[in-house]
Amino acid sequence: MTTPSSSRLPPRIVVLGTGGTIAGTATGDPSLPGYTAGVLGVEALLKEVPALGSLAEIQAEQVANLDSKDMTFAVWTRLAERVLHWLVQPSIQACVITHGTDTLEETAYFLSLVLPPDKPVVLTAAMRPATALNADGPQNLLDAVRVAAHPEAHGLGVVCVLHGVVHAARDVAKISTHAVEAFSSGERGPLGEIEGQNLRLWRQAPQERGGPFSLPAAEAWPRVELLSNVAGADGAVVRCLLSNPAVHPRLRGLVVAGTGGGTVNRELEAALEAAAAQGVRVKVASRVGPLRGGDDDGLSAVKLRVRLLLELAATEAPRRPPMETPAEGVAR
Ligand code: ASP
């Protein structure tokens with residue numbers, strides 16, 4: 001229920017910039033494809049969308065400015081801390097994050113596992129750099145803020161808004177290297193869409209089991225490698241990992257993007273069994289797409305790895321001290 005006074009106040013939303021093509025600039029002629037991701041600051045992106053002012057009172061913060069192919073656990077940690085910093089403040093309704101498309105689905109799923117699910121966190125991105133004549137970033141940013149500011153977004157948790165479509169963090173995946181409609185929620189379908197100025201939600205956000213996980217301390221992130229089952233796979237990669245003293249002490253998990261319904265070559269399977277016998281957690285997904293059923297229902301291989309990282313980190317010492325509730329309005 002909204003009170004008469006609160007209904008007059010525009011929602012307060014924090015937009016956190018992390019880089020990506022949405023903040024990219026052309027390296028030459030803007031009509032040509034060459035560009036560098038993660039160049040412009042988030043303030044510059046916001047300036048290009050004056051209509052945002054009619055939707056919300058916006059505050060901006062630059063958390064990083066990178067090509068998301070270079071995403072690190074340190075940036076993930078910083079991002080989660082900053083989102084939490086803002087969301088615990090009662091006057092902040094939601095956070096929007098600008099990000100690269102390459103690892104968007106991993107960051108979104110990571111955040112969905114470590115953040116409380118009540119206030120919305122909306123990630124957006126672009127397939128064309130900010131300097132392109134037909135840039136898709138400004139509309140995506142406007143759509144993301146529209147979703148974040150919408151009363152029905154409360155309880156959605158972490159979602160991705162791209163090309164007018166709202167995807168759950170658990171389901172979203174990049175499926176095209178070139179199309180502006182580059183993301184899909186697979187068989188489950190998206191959560192909703194933006195129709196003109198309205199948000200239409202078709203289903204509830206999927207619930208995550210066991211969360212929210214605590215954020216691992218810098219030294220508590222385990223090593224979890226992702227392998228694929230392919231013709232000729234013989235387990236040599238697994239044996240190399242186990243015998244390499246620079247890797248082995250921190251190797252806690254292996255995720256395999258198996259063939260079909262999660263099958264692996266006999267020789268690779270034997271190597272994985274040997275790894276499991278040495279205490280390495282082994283999880284099998286499918287390189288075709290999310291597998292149905294079981295505890296990991298609907299998780300792609302990259303997301304299964306994110307989940308395993310946090311599950312394993314939760315068993316490592318030392319743990320990160322609980323996050324302090326900051327004073328209202330304090331920015332760092
Ligand atoms: N390489 C870019 C990134 O992920 C691609 C993009 O944003 O579309 O940062």
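Scope of the values below: all heavy atoms of this structure, side chains included, with no hydrogens, waters or symmetry mates. Start at 1 and go down the list; that is how both ligands and their atoms are numbered. For the single chain, residues carry numbers from 1 onward in sequence order.
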Checking the N or O distance criterion of under 3.5 Å, is ligand 1 in contact with [X]?
X    : answer
Y35  : no
T103 : no
T21  : yes
T101 : yes

**Asked** Of all the atoms in ligand 1, which lie at a distance below 4.0 Å from a heavy atom belonging to A126?
**Response**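 Here the atoms of ligand 1 in question are 6 (C), 7 (O), 8 (O).
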**Prompt:** Do W202 and E193 get their side chains close enough for a donor-acceptor pair, meaning under 3.5 Å?
**Reply:** no
**Check: Y35/T21 side-chain N/O donor and acceptor closer than 3.5 Å** =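 There is such a pair (donor and acceptor under 3.5 Å, judged by atom type) between the side chains of Y35 and T21.
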**Item:** Members sharing M127's hydrophobic cluster (side chains within less than 4.5 Å)
**Value:** V180
**Prompt:** Do any N or O atoms from the side chain of Q89 and from the backbone of H85 form a donor-acceptor pair under 3.5 angstrom?
**Reply:**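 Present.
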**From the candidates S68, P129, G137, the one that places a heavy atom nearest atom 9 (O) of ligand 1** = S68
**Request:** Quickly, which of E106, E208, E105 forms a salt bridge (charged side-chain N to carboxylate O under 4.0 Å, His left out) with R170? Name it, please.
**Result:** E208
